[in-house]
Number of protein chains: 2
Amino acid sequence: MNAEKIPDIIVGRLPVYLRALQRMADKGLKTTSSQELGDQVGISAAQIRKDISQFGEFGKQGTGYSIEFLTERLRSILKVDRIWDVVVVGAGDMGHALSNYQGFADRGFHVVAIFDNKKEKVGSKIGEFTIEDTETMVERIKSMGVKIAMLTVPATAAQDVAKKLVQAGVRAILNYAPITLNVPNNVKVQYIDPSTHLQRMTFYL
Amino acid sequence: MNAEKIPDIIVGRLPVYLRALQRMADKGLKTTSSQELGDQVGISAAQIRKDISQFGEFGKQGTGYSIEFLTERLRSILKVDRIWDVVVVGAGDMGHALSNYQGFADRGFHVVAIFDNKKEKVGSKIGEFTIEDTETMVERIKSMGVKIAMLTVPATAAQDVAKKLVQAGVRAILNYAPITLNVPNNVKVQYIDPSTHLQRMTFYL
DNA sequence: AAGCACTTGTACCGAATTGTACAAAATCAT
DNA sequence: ATGATTTTGTACAATTCGGTACAAGTGCTT
C-alpha cells in the first residue's frame, strides 16, 4: 500500500476501527467480523471490509479477523506501533486537561512539554511538567525532535504559534483554537472546536 | 430549503464559514467574497458558493456577500440565532475546562449544569456551578428542557450515561469519551477524541 | 456612457465514495 | 463426508461530491 493513494476519508476511519478493536481485546475477545465491528462503530460491514482490504488481506473467510493481528496491522499502518512525543502549547484549562489526560499512553502518544507565553505562568507546575516559555519553544522542540503539537492558545495567537511550530519542525497540529490555520502542505492540522461541533448538530434540532 | 435534503457534509462546513465571518466582523469588515472566505478557511471559492446557494441567493455579483447578512442567515440556518442550554456530564479535567470555557457565549451556547457520579465530588463547586449527582440528572435535564449535552465521563461509563441522556430528552451529544455511542436515529453525536485525531495525522508522518 | 474588473449562481462533467451482490474459502453440524 | 452457514474480498452499479466554466449582474474608472 502506498500512503499517497489512500483516501483521507479512509485514513480517518482507521483510528475508529482501532479504538473499537482495542476495546474488544480488553474484553478478552480473540476474533471479530466486519459485521460485528461495523455494529460497534456504526459503519456498514462492506465499508469496513473495503477499507481494510486497501492494505492487504487480513481476514479469513468464515472466521473474520483476528483482533490481535488486525490491531497490530492498523497500528503499523497508522504508525502508532511506537510512541510519539507531543507538546502542548497554551497552559489554560484545556492545556491543563490535555497534560493530565491518561488516554494517550495506550494510543501511541506521550506529552513531553507544555509551553505558555504568560511570564507569570512560566516555571509553575502542571502535574509533573514545568510550564516553559514560548520564547524558547522553537529551540526546545527542535532539540527534542518533536513532530506533533496540540494548540490550546486563544484564537488571536494561534496563527503565530502555528508558524513557530512549523519552523520548529512540527508536522502535525491538533488545533483547539477556534480558527482555521494556514500551514504548508506537508503539515497536517486537525480541528477540535466544541462550538463548531455543537453548531453542526443544532441544525438538526 | 428543506433540512432533510441538505447533505451533512455541507452542514459540517457551515459552522466553519460562520466562525470565519464572525472573525471578519470583529475586524470591522463589511463585505467578503467566496474567494476571500475560501482563502480564510482553506476551501475552494466554488465550493463555498455552492454550499451557500443551497439556502438561497445571499450574495451580490461584483460585490460578494454582506458579512452581517450572511452571518445572520447562517446563524438562522444553524439555529444558533438563539442560546442553547447545555449540560456537562463528567466533572474531570475536561468537564472542568468546558464549564469554564469562554468560547460558547458568542457561538450560541450556555452551560447550565454539570453532573458527576462520584459522591465526593457532588456538591463541590466548579466556577459558579455546583456539581450535581447523576442520579438526579434525568429529572433535572427534563425539567430544564435541555437538548444538548457534552459527555466527558470515562469510556466505560459513556454508553450508560448516553442512554440516560436520551431518556432525558437530549437530542445532541458532544462525546469526549473514546468510544462510539449507540443512540437512536433522532439523536446526533459528534466525537472529540484527541488520540483518534492524532492517529489520523500520524499516518502521514 | 462605455469598457473593464469583479463576483455570484449554476449547468455540466469527471472523480470519489458508497452500496449491492456474489464467488470462493473456511467452519460447523449432523 | 456432506451440506448449511458464515464471512471475506472484489467487481459492478449507483450515488454523492467537487471542479470547471460561463452567463449575467454590479460597481468602478475614464
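Small disclaimer: the values here were computed from a predicted structure and weren't measured. By convention in this document, chain letters (A, B, ...) are assigned in the order of the sequence lines, proteins followed by strands, and residues within each chain are numbered from 1.
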Quiz prompt | Separation of atom CD in A:Gln47 from atom C1' in C:dT17, rounded to whole Å | solution = 8 Å

Quiz prompt | Spacing between B:Ile48 atom CD1 and C:dT8 atom P, to the nearest angstrom | solution = 9 Å

Quiz item: Pick one: which of A:Leu151, A:Val183, A:Ile141 meets side chain to side chain contact (heavy atoms under 4.5 Å, CB included) with A:Val170?
Solution: A:Ile141

Practice problem: Please tell me which of the listed nucleotides, D:dG19, C:dG9, D:dG9, lies nearest to the side chain of B:Tyr65? | Solution: C:dG9

Quiz item: Separation of B:Glu57 atom CD from D:dT26 atom P, in whole Å?
Solution: 11 Å

Quiz item: How many Å lie between CD1 on A:Ile52 and C1' on C:dT18, as a whole number?
Solution: 16 Å

Quiz item: Does a nitrogen or oxygen in the side chain of B:Lys60 sit under 4.0 Å from OP1 or OP2 of C:dG9?
Solution: no

Exercise. Between B:Asp8 and A:Ser33, just flag the one whose closest nucleotide in DNA chain D comes earlier from the 5' side.
Key: A:Ser33

Quiz item: Any side-chain N or O of B:Ser44 under 4.0 Å from OP1/OP2 of D:dG19?
Solution: yes

Quiz item: To the nearest Å, how far apart are B:Lys5 NZ and D:dT15 P?
Solution: 17 Å

Self-check item: Polar contact flag, side-chain donor to acceptor under 3.5 angstrom, A:Asp193-A:Tyr176
Solution: no

Self-check item: base_contact_polar (C:dT8 base, B:Gln61 side chain, donor-acceptor, <3.5 Å)
Solution: yes

Exercise. Go through C:dT18, D:dT8, D:dT26 for me and flag the one nearest to the A:Lys50 side chain.
Key: C:dT18

Practice problem: Could you check how far CZ of A:Phe69 sits from C1' of D:dT8, rounded to whole Å? | Solution: 14 Å

Quiz item: Nearest of C:dG9, D:dC17, D:dT10 to any side-chain atom of A:Arg49?
Solution: D:dT10

Practice problem: Looking only at side-chain atoms of B:Ile9, point me to the closest of C:dA26, D:dC17, C:dT18. | Solution: D:dC17

Quiz item: With a cut-off of 6.0 Å (strictly less than), are more than 12 heavy atoms of other residues, nucleotides or ligands near CD of B:Gln167?
Solution: yes

Exercise. Give a yes/no answer on whether the side chain of B:Ser34 brings an N or O atom under 4.0 Å of OP1 or OP2 in C:dT7.
Key: no

Exercise. Using whole Å, report how far CZ of A:Arg73 lies from P of D:dT8.
Key: 18 Å

Exercise. Take atom CZ of B:Phe55 and atom P of C:dT8, then tell me their distance rounded to the nearest Å.
Key: 17 Å

Quiz item: For A:Thr196 and B:Arg107, does a side-chain donor sit closer than 3.5 Å to a side-chain acceptor?
Solution: yes

Practice problem: Give a yes or no answer on whether the side chain of A:Lys79 reaches the backbone of B:Leu205 with a donor-acceptor pair at less than 3.5 Å. | Solution: yes

